[in-house]
Amino acid sequence: MTIDAIKNGIVIDHIKAGRAMEIYEALGLADLDCSVAIIKNVVSKKSARKDIIKIDADIPVNLAVLGYIDPDITINIIKDGRVAEKKHIELPKKIYGILRCKNPRCITTVEQELPQIFKLTDPEKRTYRCIYCESKVK
Ligand code: ZN
C-alpha cells in the first residue's frame with residue numbers, strides 16, 4: 001500500500017496531532033489483517049498539525065468511539081481510489097462499552113454483567129454521566 005493512495009478503504013482525517021495512537025487503540029486496529037498507516041504531524045490548512053490514519057480495507061468503524069475521542073474528525077470512505085463518502089462525526093448521545101464507571105458504589109461495580117452505559121448530559125462541556133449513578137466521566 002502506498003501512503004498517498006488506497007483503492008478501497010477508509011481514511012480517518014483531521015485527527016488532532018498526537019492522538020492517532022489513541023484512536024488506533026480505541027478502534028482495535030492492531031487486530032486487523034489489512035494494512036494500516038498512521039501519518040503523524042501532517043500540515044493542514046484547517047488546523048496547524050493533524051494526524052491521519054489510512055486503513056486499507058472497508059471495515060466498520062465505531063463512530064461513537066471516534067466521536068467521543070474527537071468529534072472534529074472526518075472519515076472518508078474510499079472506493080476505487082476516490083472519496084465515495086465523507087462522514088462527519090458528532091458527539092455520541094450515548095456511549096457503550098469503552099468507558100467504565102469509577103464510582104465504587106455504582107451498581108455496575110457490584111453487578112459486573114451490567115452494560116456500562118454513559119449518556120451525554122452537557123454537549124458544550126462534553127460531559128458524560130453513568131446512567132446508573134450519574135457519576136461524571138473525566
Ligand atoms: Zn456508575
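First listed ligand is number 1; within each ligand, the first listed atom is number 1. Atoms considered below: every heavy atom in the structure, side chains included; atoms not considered: hydrogens, waters and symmetry mates.
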> Looking at Tyr128 versus Tyr68, is the centre-to-centre ring distance below 6.0 Å?
Replying inline: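 When the ring centroids of Tyr128 and Tyr68 are compared, they turn out to be within the sub-6.0 Å range.
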> What residues, two or more places apart in sequence or in another chain, satisfy side-chain hydrogen bond (donor to acceptor under 3.5 Å, both in side chains) together with Asp58?
Replying inline: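 Here no residue qualifies.
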> Taking ILVMFWY side chains as joined if any heavy atoms are under 4.5 angstrom apart, and letting links pass through other members, which residues group with Leu114?
Replying inline: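 The other cluster members (ILVMFWY side chains, heavy atoms under 4.5 Å, direct or chained) are Tyr96, Ile107, Ile117, Ile131, Tyr132.
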> Are Ile75 and Leu66 side-chain neighbours, meaning at least one heavy-atom pair lies under 4.5 Å?
Replying inline: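 In contact.
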> Protein N, O or S atoms less than 2.8 Å from the Zn ion (ligand 1), ignoring waters?
Replying inline: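 Correct list: Cys101 SG, Cys106 SG, Cys130 SG, Cys133 SG.
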>> Strictly below 4.0 Å, N to O, side chains only: are Asp51 and Lys16 in salt-bridge contact?
In response: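 A salt bridge is absent here (no side-chain N lies under 4.0 Å from a carboxylate O).
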>> Does anything in residues 21-42 form a salt bridge (charged side-chain N to carboxylate O under 4.0 Å, His left out)? List the pairs, not counting sequence neighbours.
In response: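 Applying salt bridge (charged side-chain N to carboxylate O under 4.0 Å, His left out) to every pair that reaches into residues 21-42, excluding sequence neighbours, yields Arg19-Glu22.
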